[in-house]
Amino acid sequence: FSGAALVALSAILAAPQLRVHTLTGIGYIVASQLVQTAQLTFEGYFLQDAVRLSPLEMVGAEGVLGMAMMSGIVLPLAQVAVPGSDLGGCMENTLESLAMVAA
């Protein structure tokens, strides 16, 4: 944590004109850490304690849960809510990506 804090501090002090972008990046890092914490708490409590899965089954359940979250939450948001340079002006065009994989 202290290493990331020092890097963030040096980035803020070194380029005053880019503070908004630096703070946005730091915000993304903090948000990703919160999501990771929530995922580990969910897995530890529900998958191991409540359901009593073996370690191998738990790894499989983590994969299925991660795939469901990516397919149901992240990809739709990247296609609808985030502007980008992909086909249609979005960050990620899922249908185009599936067409590329099929080709």
Side-chain angles (χ1 to χ4, degrees):
F1 174 77
S2 61
L6 289 175
V7 169
L9 181 63
S10 70
I12 289 171
L13 294 176
Q17 70 274 17
L18 299 176
R19 284 185 182 154
V20 172
H21 297 295
T22 303
L23 292 175
T24 302
I26 293 169
Y28 287 145
I29 291 170
V30 169
S32 70
Q33 291 298 311
L34 292 174
V35 169
Q36 179 71 25
T37 301
Q39 180 185 1
L40 290 175
T41 303
F42 174 82
E43 291 169 358
Y45 178 74
F46 289 107
L47 295 180
Q48 190 174 25
D49 296 340
V51 185
R52 300 283 183 213
L53 295 176
S54 72
L56 187 59
E57 291 171 328
M58 191 164 166
V59 169
E62 288 175 12
V64 169
L65 183 63
M67 182 69 148
M69 287 177 64
M70 289 296 290
S71 299
I73 298 171
V74 175
L75 286 177
L77 280 175
Q79 187 159 348
V80 175
V82 182
S85 60
D86 208 0
L87 182 68
C90 56
M91 178 62 77
E92 178 61 39
N93 190 325
T94 306
L95 296 175
E96 180 191 21
S97 297
L98 291 174
M100 286 183 198
V101 169

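Both backbone and side-chain heavy atoms feed into the values below; hydrogens, waters and symmetry mates do not. Bear in mind the structure is a predicted one, so any value in this text is a computation, not a measurement. Starting from 1, each residue takes its place in the sequence as its number.
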If the condition is side-chain hydrogen bond (donor to acceptor under 3.5 Å, both in side chains), which residues does Ser54 pass it with, not counting sequence neighbours?
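Testing Ser54 for side-chain hydrogen bond (donor to acceptor under 3.5 Å, both in side chains), a comparison that skips the adjacent residues, returns Glu57.
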Report all side-chain donor-acceptor pairs from residues 63-70 shorter than 3.5 Å, counting only partners two or more places apart or in another chain.
none

Given Thr37, which of Leu40, Val35, Thr41 fulfils the side chain to side chain contact (heavy atoms under 4.5 Å, CB included) condition?
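Of all the options given, the one that passes is Thr41.
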Could you list who else is in Leu77's hydrophobic cluster, with ILVMFWY side chains joined at under 4.5 Å, directly or through other members?
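Noted: Leu77 shares its cluster with Ile73.
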Which other residues end up in the same hydrophobic cluster as Leu75, if Ile, Leu, Val, Met, Phe, Trp and Tyr are linked when side-chain heavy atoms come under 4.5 Å apart?
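So far as hydrophobic clustering goes, Leu75 is joined with none.
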Counting only pairs under 3.5 Å, give me each side-chain donor-acceptor contact of residues 95-102, with atom names and distances, residues two or more places apart or in other chains.
| residue | atom | partner | partner atom | Å |
| --- | --- | --- | --- | --- |
| Ser97 | OG | Glu92 | OE2 | 2.3 |
| Ser97 | OG | Asn93 | O | 3.2 |

Please collect all side chain to side chain donor-acceptor pair (under 3.5 Å) contacts where either partner lies in residues 64-91, sequence neighbours excluded, each pair once.
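Residue pairs with at least one partner in residues 64-91: Gln79-Thr94.
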